[in-house]
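Reviewing the structure listed below.
Numbers restart at 1 for each chain; the letters A, B, ... are given by sequence-line order, proteins then strands. Quick caveat, the model's predicted, so the values are computed rather than measured.
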Amino acid sequence: MYKEIVIEHFMNPRNVGVIENPDGYAQVESSVCGDMMEIYLRIEGDRIADIKFRTFGCAAAIASSSLASEWIKGKTIAEAAQITDEQIAEELGLPEPKLHCSVLAISALHAALEDYFKRHPEARPSIADAAAQGNDA
Amino acid sequence: MYKEIVIEHFMNPRNVGVIENPDGYAQVESSVCGDMMEIYLRIEGDRIADIKFRTFGCAAAIASSSLASEWIKGKTIAEAAQITDEQIAEELGLPEPKLHCSVLAISALHAALEDYFKRHPEARPSIADAAAQGNDA
Amino acid sequence: MSTRRVIYMDHSATTPVDPRVVEAMLPYFTERYGNPSSVYRLGAEARAAIEAARQTIAELIGARPKEILFTSCGTESDNLALRGVAWASRHKGRHIITTPIEHHAVTHTCEQLEREFGFRITYVPVDRDGLVDPEDVARAITDETILISVMYANNEVGTIEPIAEIGQIARERGIPFHTDAVQAGGQLPIDVDALHVDLLSLSGHKFYAPKGVGALYVREGTPLLPTQTGGGQEFHRRAGTENVPYIVGMAKALELAYASLDEEAPRLQRLRDRLIEGVLERIPGARLTGHRTQRLPGHASFVFGGVDGEAILMYLDRANVAASTGSACASSESGPSPVLEAMGITGRQALGSLRLSLGRENTEEDVEYVLRVLPPIIEKLREFSPICPDAALR
Amino acid sequence: MSTRRVIYMDHSATTPVDPRVVEAMLPYFTERYGNPSSVYRLGAEARAAIEAARQTIAELIGARPKEILFTSCGTESDNLALRGVAWASRHKGRHIITTPIEHHAVTHTCEQLEREFGFRITYVPVDRDGLVDPEDVARAITDETILISVMYANNEVGTIEPIAEIGQIARERGIPFHTDAVQAGGQLPIDVDALHVDLLSLSGHKFYAPKGVGALYVREGTPLLPTQTGGGQEFHRRAGTENVPYIVGMAKALELAYASLDEEAPRLQRLRDRLIEGVLERIPGARLTGHRTQRLPGHASFVFGGVDGEAILMYLDRANVAASTGSACASSESGPSPVLEAMGITGRQALGSLRLSLGRENTEEDVEYVLRVLPPIIEKLREFSPICPDAALR
Ligand SMILES: Cc1ncc(COP(=O)(O)O)c(C=O)c1O
Ligand SMILES: Cc1ncc(COP(=O)(O)O)c(C=O)c1O
């Protein structure tokens, strides 16, 4: 059911843990299956300097969290915001019933960024920026 | 499905054939499955001196005819009239769906005797005789 | 049993399992025994085996894997097709079109739908050869028609029906079309698109897989209410822990059948034609049932005047030949065959039917042997019979 | 796969086929391949094998041979019991009583009867241990009640239900009583008269026969409309060419299971109790689900706070232990288990369930091995988890 890459991330998830006094934080739940994820961000300038997560969920949920954290860490906020759940699911080769697990990881990231923007409205990328990023990619 | 005795009678049926100018004759059909049987009787005094039959039907039908003919041959009319389809079915060990095949043989005998009685009313056993026979058995 | 080899000529009733199929199944009993729904590796391994089998069968009949459901037999496939579509569409209409020569798995299901659930069934007629006229199907369609079911090839008389033409008509009218391809599977090429079918039944034991496994092709978008509910197996359309060994075996068997079809079909056809010729030549009053050429490659069927089919079988059995009279599955029902009746062969004549269906192990010698032993059997039985063969033949 | 032996502790999901069962089945694939409906000797031989199997199973559960129907799996047995009785009795009433902890083969069938065919279903509650109170069943009966269905032993939590008492109540009210004995078959003694059941489902693959064969006991006189129609097999109650090898295999397997029950049940029970003790002792916050003593001899099931069941399974798989979370058949459905919910174990807590079900090959060493590898797995997963175990436990 799972590809080896899922197992690998699941057995050795990157960036598990918490960050004390994070710059961005969120806890989200999946309405589909009850999975839950927590994301902690440390942001330096426009860059996500550190990320930690904790996930309650199946192998796919934990692997999605781990892969997402790996991709996010070190990226600029604008870059990180472009990562989609489809990309995660594709990279992990998730089977259909597990697609919602990759959605969970990306929702958690967005929620944690939102949390950061609430306290740092100046950091929120304008729609124009986002569009420019999109064209770059 | 069939016991060896059925196969034996079926492969080597006794008394197959016809009797020219029989004393009693009948042709009967099964309403259940379309089987058909013909019986020819030669009667001497009160005894069934000879019997021949021809049967269109399955192994059970042919074996029932054969066994019945064997039992009937040489018996008195009164004795022969006592033979029942249950006795035939039991001797052959017929499975349930084939019970009607033994009925066919006995019906044919009764019809052939009836044919004889029509021409020889004096031979018809009285009810008292039949009852006496019954008590004897 | 006798030590003499049985000459098995009842492949339309069932076939021996091919040793290569047994080989393919064996690991799934004692080693790869995982439940395909389990997440661990033993389970994933079983799941993968099923999906590979599904892929194989889909490719062989021109379908997509998602359109193949595994069932427990041809009867279940037919039942699921009929009842599943009937229930799913019952608010649209309650009229079903079929033929009088279908297998009991279809006709008795139609009868239950009629008697118990208020459906109306139209049986379009067949001709003397057992052929359905597509025009008759077209004429039978009403606004209430929710399903048409016509078999691909008949089990009793071997006739191959004009499925593509009927499918075309069904397609144009937007009515789901089911074909019972249980006899055709592995014997005739199947392409669900070329045949324009929406549902198609297969049964493993007719092509050297075991008894107790079948498949139903269901074209995407065909309405179908599951008739076996429970776990989410088979895309939530047929619940029940999957019979992994048999599913693997069925795919293997169908693959082998189609891989050898190009040689095997003409070979069987030659044997069949020799058998038909020989029987008609050597047995007075013998008559072929079913179409002379548009018939299953290994299928020869006859009626003989004045004798009963079961009696012929028993004599053949003693001569070490296994054959059948009408449908084996119908042997618990007595009386003349409704299939022959529909073709105009009625009453006692229909009781004297014999089916010889050839398969892989059969050789020319087998055919010659049967042609040697059969005529004296018929002759002997006719001696026992009160029905003059000539009269019976008219 | 790894060369290390897998420690298989998922016998409630399925079992490996016993080699003696394979042995018993093998001749029926390639040698004794006749269709049981055929009249010749190859057919009669197959018929005799089926009837001998029927006799064996009937004797083992205190039934008469005519009351045993062979099916294609436990799911079909459950479906036939429910749908067959429902349809046969629908003019009498449309009320069915069951429980919320039945297998999906029962609950999803009830749901379809309710949604599509106008039946009304009452689910009597269970207590924290998963036990049904017979008094609740008695109270749920109305004049419209046509069937009661309560499982003998639950697959997820192992609890054994008071079937005889419920059967007594059903008997007194003249209502047919079905029990799903799929988990109990071969593990608990079954006597259909002592249990007062009218219908009872079995599935071969839970007692070392293959997946894809089942049986349904139907007490004489119980109303039942066939749900698979066609040939006259199984006393006209379940059409379809019989799966001769598996039928032979299932009888053999059940015979073996009951022949060794007196030693095997206490042995499994000891292993199970050691497993339960060990887990509760070594894993903080672990909780047993199901009744402590009134449970299947080899069945141990738990919930752990703060971790997800599937994640536990995957880690166990890597440690070469095959186990399950809830019902394997339910693994295509997500969300918390309705069985645990019915027992008051709700939400995220119910997601962290683990079932270890022991069987013939399992040894004391296996149990000790699991007790060694499981605690660190739970610990590690809790480290990943945002849910404080203590909070999750309340
Ligand atoms: C045309 C046809 N349909 C359906 C069936 C039923 O298939 P099964 O024997 O697998 O139940 C058969 C075989 O008996 C058949 O010949
Ligand atoms: C209690 C119960 N009932 C029914 C079934 C279904 O049986 P099968 O897997 O043979 O379809 C199972 C097994 O999955 C079960 O545990």
Over 12 non-hydrogen atoms of neighbours within 6.0 angstrom of [atom1] in [X]:
X	atom1	result
Arg282(C)	CZ	yes
Asn21(B)	CG	no
Glu379(C)	CD	no
Glu368(C)	CD	yes

If you measure from the Lys or Arg side-chain nitrogens to the Asp or Glu carboxylate oxygens, is any gap between Arg318(C) and Glu8(B) under 4.0 Å? no
Using non-hydrogen atoms only, which part of Lys98(B) is less than 4.5 Å away from chain C: side chain, backbone, both, or neither? side chain
Kindly give the heavy-atom pair with the smallest separation between [X] and [Y], and that separation in Å.
X	Y	result
Gly57(B)	Ala311(C)	O-CB, 3.5 Å
Phe10(B)	Phe384(C)	O-CE1, 3.9 Å
Arg348(C)	Met36(B)	NH1-CE, 3.0 Å
Tyr315(C)	Pro13(B)	OH-CD, 4.4 Å

Does Thr55(B) reach the side chain of Asp308(C), with side-chain heavy atoms less than 4.5 Å apart? no
Just so I understand: if I count every heavy-atom pair under 4.5 Å between each of Asp35(B), Val16(B), Val18(B) and chain C, which residue has the most?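 Greatest number of close heavy-atom pairs with chain C: Val16(B).
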